[in-house]
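In what follows, a structure is listed as structure tokens, so that the remarks can point back to it.
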Amino acid sequence: MDKPKSMVMVIIGASGDLTRRKLMPALYLLHKYKRLPEHFAILGLSRTEFTDEGYRERIRAQLLRYVKPEEVDEEQIHSFIHLLYYFSMDPADSDAYLLLQPKLLELDKIIGNCEHYLYYLATPPSLYGLIPQHLKKVGLNLDKGIKGKKRIIVEKPFGYDLDTALELSNIYYKDAFREDQIFRIDHYLGKETVQNILALRFANSIFEPVWNRNYIDYIEITAVENMGIEQRGSYFDEAGTLRDMVQNHLIQLVAITAMEPPMAFNANNFRDEVFRVYQSLTPLTEKDLAENIVRGQYTASETKNGYREEKDVNPLSRTETFVAMKLGINNWRWGGVPFYIRTGKQMPTKVSEIIVHFKPTPYPLFNCAGQTCPMANKLVIRIQPNEGIVLKFGMKVPGKGFEVEQVSMDFSYSSLGKLFIEDAYARLIEDCILGDPTLFTRSDAVEASWRFFTPVLNFWKEHPEIPVYGYPAGTWGPRESDEMISKQGACWTNPCKNLTNTNLYCEL
Ligand code: BG6
């Protein structure tokens with residue numbers, strides 16, 4: 001796909017956390033590696049008052065903080081911030097958009113003949129429905145109106161549940177933007193290691209024969225963080241972990257692990273297969289809702305605040321900061337194989353990984369040196385940090401007798417030397433600039449995912465007696481999550497700190 005020659009990117013929500021921590025560092029990297037259009041400007045837009053110069057200085061300071069030290073280059077930062085302009089307006093105020101149009105025309109003159117406009121909605125989700133309507137009112141949506149092609153990137157969560165997601169889709173297509181203009185971003189798909197799961201599965205023939213219910217006992221997916229909600233109390237207290245992580249990032253990981261090979265690697269075929277996985281998720285029964293989902297909320301520890309003490313959080317909040325659940329996929333490949341997923345804030349470490357637990361041998365032929373016998377093979381796909389893949393298998397302990405012990409065969413990205421692991425946001429923003437929607441979520445997938453998860457939200461709403469279990473900040477979540485999985489004969493694998501790469505894991 002060809003890179004457009006000229007583009008103005010409008011970041012709505014330009015003084016927020018996402019812009020500071022993710023978008024500007026990603027755009028800076030694209031600038032540094034000369035991957036932006038030749039004529040490019042960024043218009044930051046939010047309510048806070050800044051001059052262009054004031055905004056540039058603010059972003060310069062933030063880049064120094066959020067860009068990896070090895071990527072910092074003063075000269076490049078200097079030239080990057082001169083791509084920035086700022087316009088103060090309230091994105092919720094429809095009249096303010098009347099002034100946005102002349103501002104864009106001004107930028108058009110500066111960069112010369114703008115061919116493309118890209119809007120990035122980095123605002124609270126409550127504005128996702130209003131902004132496209134306001135843009136439409138002043139003709140800033142379609143490719144007509146102010147001339148130039150228009151695209152819009154919308155952050156997750158797209159909707160609060162199925163009904164609101166459908167309403168939102170309606171606003172976008174019926175009124176303001178066509179599907180091919182809408183890029184629903186889920187930055188997990190921008191991660192190199194997530195994309196590599198596709199290569200692992202579909203560029204190798206050895207995994208396919210065992211990648212099914214005949215050989216796999218269960219799949220475990222963990223994406224946990226050792227930080228709290230930072231400055232995002234008002235967003236998070238409304239959203240909660242199910243909307244913030246599970247309905248999008250975790251279910252994407254399920255889809256990539258479970259999908260059938262697409263006919264070809266292109267946007268439609270790939271997204272068709274993702275959609276099929278979502279459609280095949282086994283609907284949750286009342287029993288599943290009550291017994292196979294555990295939600296938790298972090299409480300204070302010696303050194304950390306509890307969730308309810310965080311800024312902008314209701315002191316009586318029942319919003320979940322942790323979710324663990326079991327789900328299933330109704331198809332021939334996966335029938336009967338449980339997928340256990342969990343995610344939480346303020347856990348002991350930050351890690352995202354998928355562990356494929358293979359079935360053990362039918363009986364133990366050898367003694368298993370101090371380990372559970374028979375030992376099951378595991379394939380650990382480490383998404384972050386220490387990106388890599390580990391295969392665990394049994395090996396005879398050298399010496400007399402026949403003791404067997406589990407060892408690891410590792411691939412670690414770090415062994416590739418200084419190879420650049422692409423920043424997820426940089427990858428996705430660049431794809432959008434090029435007009436490639438493959439790694440963005442299509443509306444049918446968003447809706448199918450909400451169709452599956454909305455009953456969970458409804459169940460929690462209708463049954464306030466369902467507990468939100470507390471867990472002290474810095475622990476592995478509520479005990480009930482361990483009980484939920486162990487009742488089924490499985491176990492969470494908790495990564496141990498301070499172990500070397502070849503010995504990353506210890507059982508609970
Ligand atoms: C975001 C969530 O989408 O993903 C955050 O809104 C979360 O709450 C973040 O912290 C985690 O992303 P990553 O890439 O650090 O795993």
Side-chain angles (χ1 to χ4, degrees), residues 13 16-26 29 65-68 120-128 153-160 183-197 221-254 256 295-298 304 307 310-313 317 319-323 341-354 381-387 413 421-429 439-441 446 449 453 473 477 495:
D17 190 62
L18 179 71
T19 305
R20 166 173 57 237
R21 288 200 305 138
K22 304 282 190 188
L23 304 186
M24 287 300 176
L29 288 177
R65 178 157 175 216
Y66 292 108
V67 169
K68 287 188 191 148
Y120 198 117
L121 268 51
T123 63
S126 52
L127 295 181
Y128 294 173
I153 301 186
V154 192
E155 268 291 335
K156 46 120 281 244
F158 194 83
Y160 283 95
F183 289 70
R184 295 175 198 78
I185 195 166
D186 177 332
H187 77 279
Y188 265 54
L189 265 191
K191 291 181 190 282
E192 188 63 45
T193 40
V194 172
Q195 293 158 25
N196 188 44
I197 301 170
I221 299 181
T222 291
V224 296
E225 298 171 90
N226 51 0
M227 53 181 213
I229 50 165
E230 307 282 285
Q231 305 306 313
R232 300 193 305 154
S234 43
Y235 153 73
F236 197 90
D237 211 30
E238 265 183 50
T241 291
L242 195 93
R243 294 186 180 93
D244 185 54
M245 290 291 291
V246 181
Q247 183 270 341
N248 31 71
H249 301 329
L250 270 89
I251 205 67
Q252 282 285 4
L253 297 181
V254 169
I256 302 268
R295 60 178 167 163
Q297 188 187 83
Y298 60 86
K304 293 189 168 153
Y307 175 70
E310 302 277 20
K311 186 165 167 275
D312 298 327
V313 167
S317 174
T319 298
E320 75 289 354
T321 61
F322 172 95
V323 172
I341 62 178
R342 69 173 168 167
T343 176
K345 301 234 178 249
Q346 290 295 22
M347 311 289 281
T349 185
K350 178 171 174 72
V351 64
S352 299
E353 66 189 7
I354 299 170
I381 302 171
R382 204 60 179 319
I383 294 164
Q384 62 188 22
N386 301 338
E387 292 81 357
Y413 274 80
I421 292 204
E422 181 118 69
D423 173 85
Y425 273 93
R427 164 71 199 247
L428 293 175
I429 292 173
L439 299 177
F440 292 84
T441 314
V446 174
S449 166
F453 285 109

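Atoms within a ligand are numbered from 1 in the order they appear, just like the ligands themselves.
Heavy-atom separations between Tyr188 and ligand 1 include at least one value shorter than 4.0 Å. Within the structure, ligand 1 has Lys156 among the residues with a heavy atom less than 4.0 angstrom away.
With sequence neighbours excluded, no residue satisfies salt bridge (Lys or Arg N to Asp or Glu O under 4.0 Å) with Asp312. Evaluation of the salt bridge (Lys or Arg N to Asp or Glu O under 4.0 Å) rule for Arg295 yields no partner, not counting sequence neighbours.
We find the CZ-OH distance between Arg243 and Tyr235 to be 9.5 Å, quoted to the nearest 0.5 Å.
In this structure, atom 6 (O) of ligand 1 lies nearest to the protein heavy atom Asp244 OD1, 2.6 Å. The protein heavy atom nearest to atom 8 (O) of ligand 1 is Arg232 NH2, 2.4 Å.
Looking at ligand 1, you'll find an N or O of His249 within less than 3.5 Å of one of its N or O atoms. Any N or O atom pair closer than 3.5 Å counts here, and Lys191 shares at least one such pair with ligand 1.
Each of Val446, Thr441, Leu428 was compared with Asp186 under the side chain to side chain contact (heavy atoms under 4.5 Å, CB included) criterion, and only Thr441 meets it.
No more than 12 heavy atoms of other residues, nucleotides or ligands sit less than 6.0 Å from atom CD of Gln231.
In this comparison of Arg21, Glu225, Lys22, the heavy atom closest to atom 11 (C) of ligand 1 sits on Glu225.
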